[in-house]
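Atoms within a ligand are numbered from 1 in the order they appear, just like the ligands themselves. We use all heavy atoms of the structure for the numbers below, so side chains are in, but hydrogens, waters and symmetry mates are not.
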Amino acid sequence: ARKRDGKNGAQVFDEAMLDQTRERAEIENDIDLAITASWFEAHLQPIVDITTGQPSGFEALMRMRHPRKGLMSPASIIGVAEENGTIGQIGNLILEDAVANLARVSRLPGMRDTYVAVNFSPLQFDHALPTRLSGILGRYGILPSRLVVEITEAVLMHDNPDIRTILNEIHEFGCRIALDDFGTGYSSLSYLSRFPVDIVKIDQSFIRSLGEPASEIGRKNTMLIEGIRAISHQMNCKVVAEGVETAEQRSLLMQMGVDYAQGYYFSKPREISELLSVLSVEMTDIASLAG
Ligand code: C2E
Ligand code: MG
Ligand code: MG
Ligand code: MG
C-alpha cells in the first residue's frame with residue numbers, strides 16, 4: 001500500500017526500484033557466467049504429426065542450468081539478454097546445441113528426417129547469420145531442410161529490408177521458416193505474403209478454451225483456429241497447434257485439419273539424455289509416454 005504523505009510512499013517506491021535493479025544485475029551476472037561456464041542447454045519438445053502422434057521434429061527451448069538456482073526458464077533471461085546485447089552469443093550457443101542434439105536424435109530408428117525448430121530474436125538477424133547457419137549444419141552433417149527458424153512478429157514488424165533479405169537467403173539455402181505465436185500481438189496476415197513462411201504455429205491461447213462448447217470464447221476460438229488453418233493451407237503453409245494439453249483438444253484440432261501438434265499432452269520439453277531414452281522405447285504414439 002502506498003502512503004499519501006511524502007516520505008513513506010517514496011521509500012516503498014525506492015525499495016521496489018532497488019529490488020528490480022538488483023534482480024536485473026543478478027540476471028546479467030548469471031548470463032555472463034552462463035556463457036563462459038556453458039550453462040545454456042537446448043531442451044527439446046516433440047512436434048508430432050497430429051494423426052499418428054509420431055514426432056516430425058522438435059522445438060529447441062533455451063534453459064540455463066544454474067548450479068545453485070537449478071534449471072531456469074527463458075522468460076526471465078531473454079528480455080535482459082536482448083537489452084544488454086548478449087542474446088547474440090546465447091542464440092549461437094542454443095543453435096549449436098540444438099543442431100548437435102538433433103544429430104544425436106537422428107541416429108535413432110525412424111528419426112532420420114526429423115527437424116529442429118530454433119527460436120530467434122530480432123537482434124540475431126545480421127548479415128552473417130546465413131553463413132553461420134550453413135557452417136553449423138555442415139559441421140554436424142544436417143541438411144538445411146532439417147532446421148526450422150522460428151520467428152515472431154517482433155522480427156517482421158518493422159519490415160526492415162535487411163531482415164527480409166536475410167530471411168530470403170536462409171529460405172533459399174533450404175531452411176524452413178515458422179511464424180510463432182500466430183494470432184497474437186501484432187501478427188498480421190500480410191506477413192504470410194510478404195515473407196517466405198513455411199509453417200504457421202497457432203498460439204496456445206487459442207487452444208486453451210477448445211473443448212468448452214458451452215463457453216462463448218471456446219466457440220469463437222474454434223472459428224478463429226478454423227480460419228487460420230484454412231488461410232495457412234491456402235498459402236501453402238503447414239499448421240502447428242501449440243500448447244495441446246488434452247486428448248480432446250487433439251481430436252478437435254485433428255478434425256479441423258491441423259497438421260501438427262505440440263504440448264504437454266504429448267511431451268514436455270526434455271533434456272537430450274532423457275529425450276533419447278524416451279524415444280528409444282518403441283512406441284506407436286508418443287502421447288502414451290506423456291509427462
Ligand atoms: P515459444 O517459442 O512459443 O515456446 C513454447 C512455450 O510453451 C515454451 O515455454 C514451452 O515450454 C511451453 N509449452 C509447451 N507445451 C505447453 C503446454 O502444453 N502448455 C503450456 N502452458 N505451455 C507449453 P518456454 O520454454 O518457457 O519458452 C518461452 C518462450 O521463450 C518461447 O515461447 C520463446 O518465445 C522464448 N524462447 C525459448 N527459447 C528461446 C531461445 O533459444 N531463443 C529465443 N530468442 N527465445 C527463446
Ligand atoms: Mg517457438
Ligand atoms: Mg509459440
Ligand atoms: Mg511464445
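Heavy-atom proximity to Glu245, at under 4.0 Å, picks out these atoms of ligand 1: 17 (C), 18 (O), 19 (N), 20 (C), 21 (N).
Side chain of Arg104 to main chain of Ile272: no donor-acceptor pair is present (N/O by atom type, distance under 3.5 Å, no hydrogens or angles). Remark: the backbone N or O of Val99 is not paired with any side-chain donor or acceptor of Arg146 at under 3.5 angstrom. Of the possible polar contacts, one joining the Arg164 side chain to the Arg194 backbone as a donor-acceptor pair under 3.5 Å is found. Panel note: side chain Arg65, backbone Trp39; no donor-acceptor pair is recorded below 3.5 Å. Not a single donor-acceptor pair under 3.5 Å links the side chain of Asp181 to the backbone N or O of Asp203. Distance alone, capped at 3.5 Å, is enough to place a donor-acceptor pair between the Asn101 side chain and the Ala42 backbone.
Look at His43 and you'll find every heavy atom at least 4.0 Å from all atoms of ligand 1. The closest approach between Gln45 and ligand 1 falls below 4.0 Å for a heavy atom of the residue. The closest approach between any non-hydrogen atom of Gly91 and ligand 1 is not below 4.0 Å. By the 4.0 Å heavy-atom criterion, Pro269 is counted among the residues contacting ligand 1. Using a non-hydrogen distance threshold of 4.0 Å, Lys201 does not register as a contact of ligand 1. Within the structure, ligand 1 lacks Lys268 among the residues with a heavy atom less than 4.0 angstrom away.
For the 3.5 Å distance criterion, the side chains of Asn92 and Gln124 fail to qualify, holding no donor opposite an acceptor. Side-chain contact annotation: Glu41 with His43, donor-acceptor N/O pair under 3.5 Å present.
Counting just the N/O/S atoms of Glu150, the one with the shortest distance to the Mg ion (ligand 2) is named OE1. For Asp181, the N, O or S atom closest to the Mg ion (ligand 3) goes by the atom name OD1.
A salt bridge is defined here as a Lys NZ or Arg NE, NH1 or NH2 lying under 4.0 Å from an Asp or Glu carboxylate O, and Glu216 with Arg219 meets this definition. The pair Arg63-Glu271 fails the salt-bridge criterion, with no side-chain N (NZ, NE, NH1 or NH2) lying under 4.0 Å from an Asp/Glu carboxylate O.
Counting heavy atoms from C-beta outward, Gln204 and Glu245 have side chains that stay 4.5 Å or more apart.
Of all the heavy atoms of Gln204, the ones lying under 4.0 Å from any atom of ligand 1 belong exclusively to the side chain. Contacts between Asp180 and ligand 1, counted as non-hydrogen atom pairs separated by less than 4.0 Å, involve the side chain only.
The nearest non-hydrogen atom to atom 46 (C) of ligand 1, considering only Leu123, Asn119, Thr246, Val244, comes from Asn119.
Note: angle at the Mg ion (ligand 2), from OE2 of Glu59 to OD1 of Asn119, is 90° (rounded to 10 degrees).
Under 2.8 Å from the Mg ion (ligand 3) lies an N/O/S atom of Glu242, whether from backbone or side chain. Taking 2.8 Å as the threshold, Thr152 does not count as a candidate ligand of the Mg ion (ligand 2), since none of its N, O or S atoms lies below it. The nearest N, O or S atom of Asp180 is closer to the Mg ion (ligand 3) than 2.8 Å.
Of all heavy-atom pairs between Tyr115 and Arg176, the closest is CD2-NH2, 3.5 Å.
Residue-to-ligand polar distances place Ser121 within reach of ligand 1: an N/O pair is separated by less than 3.5 Å. Polar contact with ligand 1: absent for Ser73 (N/O pair, distance under 3.5 Å). At least one N/O-N/O distance between Arg63 and ligand 1 falls below 3.5 Å. An N or O contact shorter than 3.5 Å is missing between Pro74 and ligand 1 by distance.
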